[in-house]
Protein chains: 2
Amino acid sequence: MERELKTRILHAVDTLLDDQVAFLSELTAHPSTRGNEQSAQNLMARELAARGMEVDRWQVDVADIRDMPGFSPVIGNYDDAVNVVGTHRATTTKGRSLILNGHIDVVPEGPTDMWDTPPYAPRVDDGWMYGRGAGDMKAGLASNLFALDALRHAGLTPAADIHFQSVVEEECTGNGALACLQRGYRADAALIPEPLAEGLVTAQLGVLWFQVRLRGLPAHVAYASTGSNAIDAAIPLIAALHELEERWNADDRKHPQYADVHHPLNLNVGKIEGGDWASSVPAWCVFDVRMGLYPDQDLQDLRDEIETTLQDAAQKNAFLRNNSPEVVYNGFAAEGYALSEDSSQAAAQAIGALETAHGLVTGTALETKSSTGTTDARFFGLYADTPALVYGPKAENIHGFNERVDLESMRRVTQTTALFIADWCGVTTD
Amino acid sequence: MERELKTRILHAVDTLLDDQVAFLSELTAHPSTRGNEQSAQNLMARELAARGMEVDRWQVDVADIRDMPGFSPVIGNYDDAVNVVGTHRATTTKGRSLILNGHIDVVPEGPTDMWDTPPYAPRVDDGWMYGRGAGDMKAGLASNLFALDALRHAGLTPAADIHFQSVVEEECTGNGALACLQRGYRADAALIPEPLAEGLVTAQLGVLWFQVRLRGLPAHVAYASTGSNAIDAAIPLIAALHELEERWNADDRKHPQYADVHHPLNLNVGKIEGGDWASSVPAWCVFDVRMGLYPDQDLQDLRDEIETTLQDAAQKNAFLRNNSPEVVYNGFAAEGYALSEDSSQAAAQAIGALETAHGLVTGTALETKSSTGTTDARFFGLYADTPALVYGPKAENIHGFNERVDLESMRRVTQTTALFIADWCGVTTD
């Protein structure tokens with residue numbers, strides 16, 4: 001690609017930046033938590049259609065995907081789970097096709113009184129945009145969209161097919177991205193601008209969600225010793241799970257990509273609920289757990305180990321000994337994925353193209369990272385033989401209060417993305 | 001009271017027993033949990049009116065009672081909290097006036113799948129009636145009502161005023177009984193047929209409810225170490241509260257009435273809730289606790305000790321050290337009460353009358369008990385100088401699953417109550 005062309009692309013991103021920030025603000029204002037993604041997806045579909053793309057919009061159907069590798073179990077239905085894909089169909093194909101992927105779902109905002117300003121009233125302060133989802137990952141969706149806009153503004157048309165995916169369910173199952181695979185979307189590479197601070201993710205963990213359900217023996221608290229308190233009973237089980245966590249984080253069990261990471265596998269008790277009345281010995285307690293696993297670790301082995309751990313701990317409780325904790329798998333059953341282990345030519349070329357674009361925009365070498373979370377990249381890498389580049393802007397407090405994204409970082413990522421598209425897909429001039 | 005009269009009363013109870021069981025079944029079918037007492041109170045008001053009593057029915061107003069001793073704080077309003085009192089106004093007063101008190105509220109039934117049969121579809125099996133509230137304490141209300149019916153059936157009219165109280169809020173504050181005091185209801189004694197297996201309660205504990213609210217520092221679980229898990233943080237605080245519980249149950253701190261009770265003061269974590277998402281470090285956790293206290297123990301001292309215990313435990317947590325747990329008092333702020341310490345002549349006479357009636361019905365001496373729970377008796381005893389007799393039928397699994405009451409025991413208690421009324425209030429023959 002000639003130097004003048006690159007300069008035009010970079011300038012186009014800058015020219016459109018105000019529009020991009022306005023779009024990000026509008027998108028962040030949609031509280032697209034699980035089950036509430038529709039208005040944000042409406043916006044995405046409108047924007048894609050307005051750019052002349054073919055828009056495909058469909059409700060995820062569990063029946064279509066439940067037998068595919070990578071499927072995560074889900075409780076409830078997908079009545080409100082709608083994916084949107086916009087396709088740029090190249091009239092002249094010179095380069096390689098590309099999937100630009102991003103997720104529209106955001107995690108719950110938590111108690112709003114702990115936010116400095118309301119989570120769905122985005123604001124910009126000192127170069128950061130604040131809001132739930134601004135970083136994770138609506139800035140990434142904005143980057144994908146405005147990278148394409150910048151090319152158009154520069155008078156360039158991608159010379160290969162591009163599928164722009166706005167998917168649901170990334171934060172709990174990945175079944176939105178899986179449904180795109182099932183629907184037949186394929187390309188030579190995928191780019192997912194998750195907020196990883198302009199580093200390339202070369203390994204990501206798997207994630208397993210599980211729910212532990214305990215029964216107790218209820219009684220009037222005046223006769224508490226005749227009952228069995230399900231909340232008290234949960235405590236040693238949680239402790240046993242944390243011991244399992246520590247065993248897995250020992251140096252001798254670490255995956256090579258995580259050898260230098262202090263504590264890669266986090267076990268998180270993220271939700272708990274139990275009991276109905278202060279003066280009744282609680283008859284039930286339920287808690288939800290997230291556990292990480294290494295790219296080479298088997299999900300079923302981990303499930304077995306978790307269940308053994310819980311049953312062993314339950315043996316020490318007189319009531320639970322005869323009333324086993326129930327373990328329910330609902331949500332992430334995600335394997336780990338390491339781009340670094342993809343020895344294909346396509347992977348090497350995609351990484352090379354991103355390195356070049358990143359270097360041109362930032363003047364620095366592309367850093368690689370091993371992520372302690374998961375992303376939808378695993379579907380492309382593990383189940384569709386497609387190298388997936390996770391590379392996005394800098395954000396802070398994702399999943400926390402006062403989540404924010406660095407707008408200057410988003411601008412650079414948009415530039416890098418535009419250059420990457422121009423290189424990977426090729427361009428024609430109008 | 002002549003022998004023949006007593007026999008007529010006892011027979012009358014037996015004659016009406018089928019009606020009483022039918023009434024108890026109907027009353028138990030009303031799911032009168034907190035906020036849902038109205039339909040059950042409608043039934044009570046109709047039944048009292050049908051018996052020719054003056055019916056007083058009013059909504060409890062916090063403003064009327066909040067400055068009275070014995071008031072328990074309440075969150076929310078009392079829009080649905082309706083007390084019912086039916087008064088038998090004696091035309092000829094020969095004896096002493098009486099309050100027959102019972103509570104209409106029941107505690108939540110918990111997961112209904114843990115009941116053998118639905119909690120609000122009462123059934124009789126082998127002499128027991130099953131259902132939430134059948135024992136605690138709708139059988140007591142039925143006993144009060146049918147004791148009066150039996151007298152009437154025997155051609156007798158109580159020769160003193162009787163206030164039949166069906167109150168709300170016994171299970172969480174006692175503010176229903178307190179509102180009866182505020183409204184001016186007074187008598188020479190009170191009888192409360194709580195399900196204590198035909199024993200007389202001569203001491204009852206106080207009960208304090210409190211809620212502990214913890215904050216956490218939320219984060220994406222991939223970076224869990226940057227957050228502070230509010231659910232994990234609750235665990236050592238709960239442990240510290242249980243240590244406080246053990247200190248209070250030590251022999252050298254026991255109240256004399258509880259010297260022989262193994263573990264009189266139960267601390268119960270009865271509810272817990274926290275977190276919003278398995279993969280977010282939870283930002284909050286709230287748990288509800290019930291703690292007992294001795295009749296001579298000061299509520300404020302206990303509150304201070306609880307708060308000190310929590311703050312000391314919080315010091316060991318890096319995040320909580322600067323984000324103190326919040327303690328909220330909502331519900332029971334109930335002092336203990338010992339009828340055994342009431343040296344009045346009225347108390348001695350009331351106990352004597354009950355002993356006589358109990359002996360006649362059961363052929364056994366009246367056992368006394370120190371209850372490890374609380375009842376509304378404290379309002380009469382502590383704040384209205386009125387001896388309150390807690391004496392009711394045998395029940396099992398109160399606050400648990402498959403709660404049940406022994407109908408034969410209810411029959412005996414009804415007989416004892418009818419004899420007691422005839423003795424205490426005197427009777428005139430029609």
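Computed from a predicted structure; not experimentally measured. Proteins get letters first, then strands, A, B, ... in listed order; numbering begins at 1 in each.
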Side-chain donor or acceptor of B:D288 paired with backbone N/O of A:A278 under 3.5 Å
no
Contacting region of A:E171 [heavy-atom separation from chain B under 4.5 Å]:
both
Please identify, among B:G275, B:S279, B:G110, B:C285, the residue contributing the most non-hydrogen atom pairs under 4.5 Å to chain A.
B:S279
If you round to the nearest 0.5 Å, how far is CD of B:E396 from OG1 of A:T226?
10.5 Å
Given A:N397, A:V289, A:V281, the one with more heavy-atom pairs under 4.5 angstrom with chain B than any other is A:V281
Residue A:W277 versus chain B: region with a heavy atom under 4.5 Å
both
May I ask you to name which of A:S371, A:A283, A:P218 has the most heavy-atom pairs under 4.5 Å with chain B?
A:P218
Tell me, out of A:A230, A:G400, A:S280, A:A219, who's got the most heavy-atom pairs with chain B below 4.5 Å.
A:S280
Contacting region of A:I238 [heavy-atom separation from chain B under 4.5 Å]:
side chain
So CD1 of A:I272 and CD1 of B:I272: to nearest 0.5 Å the spacing works out to 4.0 Å
Of the backbone (N, CA, C, O) and the side chain (C-beta and beyond), which part of A:H262 lies under 4.5 Å from a heavy atom of chain B, both, or neither?
neither
Checking A:I231 against chain B: side chain, backbone, both or neither under 4.5 Å from a heavy atom?
side chain
If you count heavy-atom pairs under 4.5 Å between each of B:G292, B:C172, B:G227 and chain A, which one has the most?
B:C172
Please classify the contact between A:H220 and chain B as side chain, backbone, both or neither, with a heavy-atom cut-off of under 4.5 Å.
both
Okay, B:D232 and chain A: the region with an atom under 4.5 Å from a heavy atom over there is side chain
Main chain of A:N268, side chain of B:N229: is a donor-acceptor contact present, judged purely on distance under 3.5 Å?
no
Distance in Å, A:D276 CG paired with B:T33 OG1, rounded so as to fall on 0.5 Å steps
10.5 Å
If one checks every heavy atom of A:F332 against chain B at 4.5 Å, the contacting part turns out to be side chain
A side-chain contact here means heavy atoms from C-beta on lying under 4.5 Å apart; do B:W284 and A:M114 qualify?
no
Option in A:E403, A:K271, A:E273 with maximal non-hydrogen atom pairs under 4.5 Å from chain B:
A:K271
